[in-house]
Amino acid sequence: MEEFVIPKQAGANYLNAEHGLKSWLLTKDHKRIALLYLGAISFFFFIGSLYAMAIRLELLSPQADLVQSSTYNKMFTQHGIIMVFFFLIPSIPATLGNFLIPMMIGAKDLAFPRINLLSWYIYILGGGVTIYALLAGGVDTGWTFYVPYSTTFSNSYVIAAGLGIFINGFSSILTGLNFIVTIHTMRAPGMTWYRLPLFVWAHYATSLIMILGTPVIAITILLVALERLAHIGIFDPAAGGDPILFQHLFWFYSHPAVYIMVLPGMGVISELIANFSRKNIFGYKFVAFSSLAIAVFGFLVWGHHLFVASQSVYAGMIFSFLSFAVAIPSAIKVFNWTATLYKGSISYDTPMLYALGFIGLFTIGGMTGLFLAALAVDVHLSDTYFVVAHFHYIMVGGTLLAYLGGLHYWWPKISGRMYPEGWGRFSALVIFVGFNLTFAPQFVLGYLGMPRRYHTYPADMVSWQVLHVLSTAGASILGFGLMVPLIYLAWSLRYGRIAEANPWKLPGLEWQTASPPPTENFLTTPIVTTEAYEFAPPEHKSVVGRFARQPPAKV
Amino acid sequence: MSEHIVQPRVYIVIFLALMVGTGLTLLAAFRDFPGPLNVVVAMTIAVVKATLVVLYFMHVRYSSRLIWLVIGSALFWLAIMFALTISDYWTRAWLPPL
Amino acid sequence: MTERLATTHQEHHRALQHHFENMEQQREAGTLGMWVFLVTEIMFFGGLFLAYTIYRYQYPAAFASASNHLDIRLGAINTAVLIVSSFTMAMAVYSTQIGKQRHTIICLILTMILGATFLGIKAVEYHDKYRDNLIPGQLIPGHPFNPAVAKPGDTDEHKLHLVEGATVRNVELFYWIYFAMTGLHALHMIIGLGIMMVLTIMAWRGRFGPEYHAPVEVSGLYWHFVDIIWIFLFPLLYLLGRHLQGHIG
Amino acid sequence: MQSWFPFIPESASTYSGDVDALYFYISGVTIFFTLLISFVIIFFVIKYRRRNPTEIPRPIEGSMKLETLWSVIPLLIAMTIFFWGAKVYFNQYRPPQNAIEVYVVGKQWMWKFQHATGQREINELHIPVGRKIRLIMATEDVIHDVFVPAFRIKTDVVPGRYTTEWFEATKPGRYHFFCAEYCGMNHSGMGGYVVVMDPTEFENWLSGNANQMSPAAAGQQMFESLGCASCHGANAEGGRGPALLGVYGNNVTLNNGQTARADEGYLRESILNPQAKIVTGFGPIMPSFQGQLSEEQLLQLVAYVKSLSTTKTETPTAKPAPKK
Ligand code: HEA
Ligand code: HEA
Ligand code: CUA
Ligand SMILES: [Cu+2]
């Protein structure tokens, strides 16, 4: 790969190629669109976090003291809706994925740049409609929109919020479509499937879920909105409809959607683990195909959300069985990451700290999923704080950490500046500690019987309050920890050290061009002749001992 | 550009087959077949018609394996959705008392 | 492996977008993109088909009665209309492939006329349902679902003839699904007509030819897909209860 | 098990021990794997830390043996959890015979209970220790859920049908129960207590509240007032409609040749949507009572029809259940 011509730093890059607001709002450059997403997604994360803080404050005491029940219900609903649909699902794919997939496969752009821009506008439109719903009075159905509460009994802005999610769904579909077509048709010469970075594999699997699952939630939400509008009765028992059918349709998407949320994170982690230990990933094909396996099996387990919902006992058993089966590909990933560290050259840079944190927290989050997949235990744990802890462990401890890790890792490429390493490590540590303090107590709380979506709880449960106080304390530390990167990343845009083209000295294609990259990524179409994560040239494979010879100096 | 150009002759044959299929399904609808056979007959004809459209009008017969894979996965996922949802409705009444 | 990529030195086609290497890649991406999009459409309609299946299994009699009330003649005519339009669409693709743009334009216009005919007939059917008070729920404010039910022996076509075991409220469920499915289908037809309008204009301006016809081809895929949906909707909605007509209670 | 700080809730039903055992087992597996992975990672991270900025470690390709090992072992462990969980769940969800039945109606945001002997309660349920209790649950509006942490049980209450849940309490006491399916504004207030009493105490409680009409008796009155009797006969001995004696708990032959088991759900459907399943030998003449009955009244009618059957359900007297 020595033959790349790396553009001079001072030359034109995607950031300064054009100027003015219009050049951003009408851009078709995947890198600029990624930044548009980054901005919008951060905004939604901020809103969602405010709700989280309000929830935690309210739960400090058993009584209602900050807000009324109706407000509390809106808080967790809106927290859930914003975090899931407008933050976590688009987070890694639409920002890092958008930015990096074309670069990683050696393409100039995604296959459909205009559609890419369109999906951002759709996202903004969907987000706008949802924000309207929040401002107009909010929704209080829970992010799951269970009928008949959402169709007939709720007095809140269900239609507007549903419409927002419906619209946003098309953004997700179009992103997935764009990724799939791009990965199939736009790979550079020599970029075979097995040379793709695992980040790309993970996004391929994610896109599969996006295009196969999202249409189903779209039609389901549409039916809920119509039912609410016209009282037609498709899910209404009074007309012969069946509320459980809604739950099937909802979870047919929403369980796979949790893998939309975690697979891109896993892709980031594969990159981080391999690159920061300077090793090829252990069992490349297993890690690659486990992503596909998760995407496929992920569609077979949705009924584990209905174990106590009066689903057939036998269907429950099938779904439970399959839920255990889907744990295996995740296990394969965890073990392969761990094995990759073996005899590596491990650096302690901030992205790696996030990656290591991810493995631990994802393991806990995933393993607690097994409690919930075990039928008899789920009967006790369903709809308690155990579930809340389970999914925050994966979504916050897992995906959010992966997102932060990836953002730090690629920050030099994206912005052309380095972030301050010391602050980075410091905040990674604070976040790790704060996170565990927030959500570990909730496991205990859940087994003790505290139901979720509860504004108040019995005052005689002293142990419950103790755990809630711990959790709130943890959330404050977590919140502080999250604010630090927000500040120093913004700071670094101006004052950070100028980044080299390849600050981490890595073989990935995205590092073989300038930081920030030029508009069409590479000056000439690259020709790929090496495997992914190939640090040492092939002739070094035979060398005995832990290290190969000194590498040929990279530019 | 190695693309196959389907000749009008083929289109006409398929078109006629589709019309015949429509006629058949209409005729079959008024006959009382035993058991659930009415559904089976109607659906078989519909599937055949749809297959003809996909293979010839949509050129899939001459397309790459990738396109076959895409269509196959759509059908596979549809089957998952139906099979597992129906597994619930179907087995609800089975539970024997203790 | 030192040779540079064979960045085509041949003349760039003016329709080639900057980020593609050549027309072949662009066409491949377009076709794959449309197919992937159709997959999402299949899943989109799939949710409704699933609802249909579950409820039909639970309320076969009501579904048969409701289905029998639909106008089978109009339904059958519409099926034929759509099949013909699929044929003309296929011919439009063929004409572009062999470079006869005038034929393309004729075929597209025919397809549009047929599509519009379908929608017109659908509108007549919807109006019939409106007249018989079969619009479910409060979909049309002030015009609730309230069909007249025929007594045994009564042959009034505008009344609902209930098959043994059917109830009116489950008939309403059928009509809900009927309107949701045919409504979404019609929406897709309307979008298809819009696309075809654009294609016609492009063909008029002489944009297509043997090297560049992906837009016509890809739109054709879409149109055929809409046809396929109808191929399933017709028997499911119009036909499956017909043999029970003798059992009207 | 109550240490200085509780990590598990009180355990007060025959089922809670089973759930706890499985819970501890999975906890063990989880702790084992979490510690294992953490230790290995920390060990590697320290041992193989980067010592020289230019070093490049030797690539390692992967190992089929290891991959198999760490797929199969977790799979086997997962299967033990699956089978254990399924077994306990299966027993928990099969309706027991000879249980004391309590009718439960949930509505935003309260619970109404009615004992077979007529006592009504709101947000409180008194039951005897050591007897199987079966809750037959309906809701007037949205989905609710009866969750008793101390018994480790939970089942949604779904509009349009009956769901059931059963337990056998092992320790007298007052236990919290909660609504565990989000149901709107006052969801977190929709709970109360299950009061588990000694048999004699319970007997006293029953007789202290004995002035209410039993659901079956109330159902019988409605059977007349709603005109059911005009078709089914004053004593449900049959007429234009089928006799209802001995229907409950048996198989009914339908006019399409199929059979249906007459459980509570069937009786409910027969009253609300009589056209759905027609008894063989009868015409579809029974009118639907949809929209004319509250869930409570419906339960009373069902209770009455059930009382006509020989498949006896226990009455909540304090006789200890025959132990086998
Ligand atoms: C990114 C999000 C995410 C992910 C990845 C998962 C992953 C899993 N989830 Fe989770 N889940 C949610 C988000 C997620 N979940 C959310 C949001 C809810 C609540 C929704 C709501 O109601 O609001 C929920 C709820 C939920 C329930 C329903 C609980 C209830 O409401 O009653 C269940 C039940 O089975 C479940 C199971 C699982 C399982 C088995 C996995 C598995 O995929 C986990 C697999 C991973 C591992 C197992 C760890 C790695 C493995 C090892 C380290 C090796 C050792 C392994 C073995 C010995 C097997 N989840
Ligand atoms: C991506 C998904 C995601 C994320 C990131 C989070 C993040 C958090 N969540 Fe959330 N949560 C959900 C998804 C998520 N949650 C979902 C789906 C539900 C279910 C909803 C339902 O039941 O319908 C839920 C429900 C839920 C509950 C249960 C409510 C209930 O059932 O009654 C609780 C309670 O503690 C909670 C807490 C938190 C906390 C403390 C965080 C923390 O991690 C948040 C951390 C962030 C901060 C603390 C702020 C960071 C600060 C800044 C960004 C800068 C701020 C700057 C200034 C103030 C100047 N969440
Ligand atoms: Cu009732 Cu929650
Ligand atoms: Cu799930």
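Chain letters run A, B, ... following the sequence lines, proteins first, then strands; residues in each count from 1. This one's a predicted model, so the numbers in the text were calculated from it and none came from an experiment.
With ring centers used as reference points, A:F299 lies under 6.0 Å from A:F252.
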(request) Could you go through the salt bridge (charged side-chain N to carboxylate O under 4.0 Å, His left out) check for C:E125 and C:K122 one step at a time? (result) CA-CA 5 Å; C:E125 283 193 73; C:K122 199 82 235 156; 3.4 Å; yes
(request) Kindly indicate, with the supporting measurements, whether the criterion ring pair (Phe, Tyr, Trp, His ring centres under 6.0 Å) is fulfilled by C:W176 and C:Y55. (result) CA-CA 11 Å; C:W176 181 188; C:Y55 290 136; over 10 Å; no
(message) Under the criterion ring pair (Phe, Tyr, Trp, His ring centres under 6.0 Å), I'd like the reasoning laid out for C:F232 against C:Y52: C-alpha separation, chi angles, the key distance, then a yes or no.
(response) CA-CA 12 Å; C:F232 284 97; C:Y52 171 91; over 10 Å; no
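Classified by interplanar angle (parallel below 30°, tilted 30° to 60°, perpendicular above 60°), the ring pair C:Y178/C:Y238 is perpendicular.
Contacts of A:N178 with chain C are absent, with no heavy-atom separation under 4.5 Å from either backbone or side chain. Heavy atoms of C:I42 lying under 4.5 Å from chain A are absent altogether. Only the side chain of C:Y59 has a heavy atom closer than 4.5 Å to any heavy atom of chain A. At a 4.5 Å heavy-atom cutoff, C:I140 makes no contact with chain A through either its backbone or its side chain. At a 4.5 Å heavy-atom cutoff, C:E41 makes no contact with chain A through either its backbone or its side chain. Heavy atoms closer than 4.5 Å to chain C are found in the side chain of A:L245, but not in its backbone. Interface residue C:F37: backbone and side-chain heavy atoms are both found under 4.5 Å from chain A. Heavy-atom distances place the backbone of A:L110, and not its side chain, under 4.5 Å from chain C. Residue contact with chain A, scored on non-hydrogen atoms closer than 4.5 Å, involves the backbone and the side chain of C:L32 alike. Looking at A:L177, the atoms closer than 4.5 Å to chain C (heavy atoms on both sides) sit in the backbone and in the side chain alike.
A distance-only check finds no donor-acceptor pair linking the side chain of A:H203 to the backbone of A:V200 [under 3.5 Å]. Although no hydrogens or angles enter the test, the distance criterion places no donor-acceptor pair under 3.5 Å between the side chain of A:R187 and the main chain of A:L196.
Ranked by heavy-atom pairs shorter than 4.5 Å toward chain A, the options C:I54, C:V39, C:T167, C:L48 are led by C:L48. In terms of non-hydrogen atom pairs under 4.5 Å with chain C, the most contact-rich of A:L212, A:V216, A:D109 is A:L212. Note: A:M186 leads A:H248, A:H184, A:M186 in heavy-atom pairs under 4.5 Å with chain C. Options C:Q17, C:Q26, C:Q25 differ in how many heavy-atom pairs under 4.5 Å they form with chain A, and the most are formed by C:Q25. If you tally non-hydrogen atom pairs under 4.5 Å between each of C:A29, C:P141, C:A62, C:P136 and chain A, the highest count goes to C:A29. No other option in A:D242, A:L249, A:I115 has as many heavy-atom pairs under 4.5 Å with chain C as A:D242. Contact count versus chain C (heavy atoms, under 4.5 Å) is highest, among A:A107, A:G176, A:P113, for A:P113.
A donor and an acceptor atom, one from each side chain of A:H30 and A:N521, are located under 3.5 Å apart.
The minimum heavy-atom distance linking A:T214 with A:G169 is given by the pair CG2-O, 3.5 Å. The nearest pair of heavy atoms linking C:H19 to A:F112 is NE2-N, 4.4 Å.
Partner of A:W302 under the ring pair (Phe, Tyr, Trp, His ring centres under 6.0 Å) criterion, chosen from A:Y259, A:W251, A:Y253, A:F319: A:F319.
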